[in-house]
Amino acid sequence: MVSNTPKVQWKFPLRNVFYMRLEIFMIVVLTALVFYLSFAITSGWFRVLYAFLFLVIYIIIANLMQLIRKVQDSYSITPQGMNIQRKTRFATTKVKIPLRDITGHKLDKIFLGGYLFTKDGAHMLYFNTKKELESFEQLLKKYVKNKRHK
């Protein structure tokens, strides 16, 4: 029997997503800070060298952590509830959230992330594209009675 009820699902990160938008923003801010602070320490080309060295070290460490941990989140939302599965190389965590337990949500369309608030606490959400985020929000608004959406 095939169900016609809407369902939204996605996995994060996709293979073509290397860094999250928030991470890229923070890298730029920290690189600018390293460049600015290097004015007090050195002069000339060393300022640029320190900023470049910071970027290289960050990229190497971030890629090593991605290779070691192999993080992948899977999300699925249906009219019955939301399923979140977080996998790393070392552990798998599954969370089932009935829609009636959801008390609110906060999504960020710029950095493609957000929170789902329940009676038990907050659950972090990550999205690969703005389209994934919007389809999730649309379905969530349809099935969850949120005070802000009345």
Side-chain angles (χ1 to χ4, degrees), residues 1-38 48 50-150:
M1 182 177 191
V2 177
S3 174
N4 289 333
T5 58
K7 180 180 183 179
V8 176
Q9 61 186 38
W10 71 98
K11 288 186 178 186
F12 178 85
L14 293 177
R15 296 227 183 256
N16 60 353
V17 175
F18 293 111
Y19 298 103
M20 295 186 293
R21 287 184 181 183
L22 181 60
E23 188 175 15
I24 291 171
F25 174 76
M26 289 306 300
I27 291 171
V28 169
V29 168
L30 289 174
T31 303
L33 182 66
V34 167
F35 181 73
Y36 177 75
L37 291 176
S38 67
V48 176
Y50 285 135
F52 181 73
L53 186 61
F54 168 77
L55 277 176
V56 168
I57 290 171
Y58 183 89
I59 290 170
I60 289 171
I61 290 172
N63 286 331
L64 280 174
M65 290 307 297
Q66 287 177 1
L67 286 173
I68 292 170
R69 292 203 61 222
K70 292 201 183 246
V71 175
Q72 184 175 36
D73 292 359
S74 300
Y75 303 93
S76 174
I77 182 169
T78 64
Q80 291 76 37
M82 175 140 186
N83 297 318
I84 302 173
Q85 179 178 354
R86 292 204 163 92
K87 269 201 256 186
T88 65
R89 183 183 299 248
F90 310 108
T92 299
T93 306
K94 294 180 182 181
V95 178
K96 290 187 178 197
I97 305 167
L99 292 182
R100 67 180 179 275
D101 290 348
I102 297 174
T103 58
H105 68 280
K106 178 68 177 155
L107 301 174
D108 188 340
K109 293 182 181 180
I110 296 172
F111 294 120
L112 301 177
Y115 291 95
L116 192 63
F117 300 105
T118 66
K119 298 172 185 175
D120 298 329
H123 302 276
M124 293 189 330
L125 304 171
Y126 304 103
F127 302 91
N128 296 300
T129 64
K130 192 172 181 178
K131 186 178 178 183
E132 284 177 355
L133 186 142
E134 288 171 347
S135 61
F136 168 75
E137 185 176 33
Q138 208 171 34
L139 192 63
L140 190 64
K141 283 181 180 180
K142 184 176 181 180
Y143 290 109
V144 175
K145 305 297 183 225
N146 192 339
K147 293 177 184 172
R148 287 188 277 164
H149 299 123
K150 286 186 178 178

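Residue numbers run from 1 in the order of the sequence given.
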Test of understanding: with side chain to side chain contact (heavy atoms under 4.5 Å, CB included), list the residues that count as partners of [X], not counting sequence neighbours.
{"X": "Val56", "value": "Phe52, Ile60"}
{"X": "Tyr50", "value": "Val34, Ser38, Thr42, Phe46"}
{"X": "Ile61", "value": "Ile57, Met65"}
{"X": "Leu55", "value": "Ile27, Thr31"}

side-chain contact (heavy atoms from CB on, under 4.5 Å) between Leu99 and Ile77: does it pass, once the steps are laid out?
CA-CA 9 Å; Leu99 292 182; Ile77 182 169; 4.1 Å; yes
Measure the spacing between CE of Met124 and CD1 of Ile84 and express it to the nearest 0.5 Å.
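Result: 10.0 Å between the selected atoms.
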Atom pair CZ (Phe54) and CG (Leu37), whose distance is rounded to the nearest 0.5 Å
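The distance works out to 11.0 Å.
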Enumerate the ring pair (Phe, Tyr, Trp, His ring centres under 6.0 Å) contacts for residues 77-100, please, sequence neighbours excluded, ordered by first and then second residue.
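Qualifying pairs, neighbours excluded: none.
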What salt bridge (charged side-chain N to carboxylate O under 4.0 Å, His left out) pairs are there with at least one residue in residues 78-89, not counting sequence neighbours?
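Checked against salt bridge (charged side-chain N to carboxylate O under 4.0 Å, His left out) - neighbours excluded - the pairs reaching residues 78-89 are Asp73-Arg86.
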Looking at side-chain heavy atoms only, is the closest gap between [X] and [Y] below 4.5 Å?
{"X": "Lys70", "Y": "Thr88", "value": "no"}
{"X": "Thr92", "Y": "Gln85", "value": "yes"}
{"X": "Phe127", "Y": "Leu107", "value": "yes"}

Can you list the residues that meet the ring pair (Phe, Tyr, Trp, His ring centres under 6.0 Å) rule with Tyr75, with sequence neighbours excluded?
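Scan of Tyr75 (ring pair (Phe, Tyr, Trp, His ring centres under 6.0 Å), adjacent residues dropped) gives Trp10.
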Going by ring pair (Phe, Tyr, Trp, His ring centres under 6.0 Å), name the residues that satisfy it together with Phe35, two or more places apart in sequence or in a different chain.
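Here the qualifying residues are Phe39.
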Salt bridge (charged side-chain N to carboxylate O under 4.0 Å, His left out) against Lys119, all qualifying residues, sequence neighbours excluded:
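If we apply the salt bridge (charged side-chain N to carboxylate O under 4.0 Å, His left out) test to Lys119, skipping adjacent residues, the hits are Asp101.
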So for atom CD, which belongs to Glu134, do other residues, nucleotides or ligands contribute more than 12 heavy atoms lying within a distance under 6.0 Å?
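Yes - once you tally the heavy atoms of other residues, nucleotides and ligands closer than 6.0 Å, there are more than 12.
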In terms of the angle between their ring planes, are Tyr115 and Phe117 parallel, tilted or perpendicular, with boundaries placed at 30° and 60°?
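Tyr115 and Phe117: parallel rings.
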CA sep, side-chain torsions, deciding dist, call: Leu30, Tyr58, side-chain contact (heavy atoms from CB on, under 4.5 Å)
CA-CA 10 Å; Leu30 289 174; Tyr58 183 89; 5.8 Å; no
Would you say the side-chain atoms of Glu132 pair up with the backbone N or O of Asn128, donor to acceptor, closer than 3.5 Å?
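Flag set: sc Glu132 to bb Asn128 pair under 3.5 Å.
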Where do Lys94 and Asn83 land on the side-chain contact (heavy atoms from CB on, under 4.5 Å) test, with the steps shown first?
CA-CA 7 Å; Lys94 294 180 182 181; Asn83 297 318; over 6 Å; no
Just to verify, which of Leu125, Leu140, Val95, Thr118 counts as forming a side-chain contact (heavy atoms from CB on, under 4.5 Å) with Met82?
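Result: among Leu125, Leu140, Val95, Thr118, Leu125 is the only option passing the side-chain contact (heavy atoms from CB on, under 4.5 Å) with Met82.
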Applying side-chain contact (heavy atoms from CB on, under 4.5 Å), run through Thr129 and Leu112 and close with a yes or a no.
CA-CA 7 Å; Thr129 64; Leu112 301 177; 5.6 Å; no
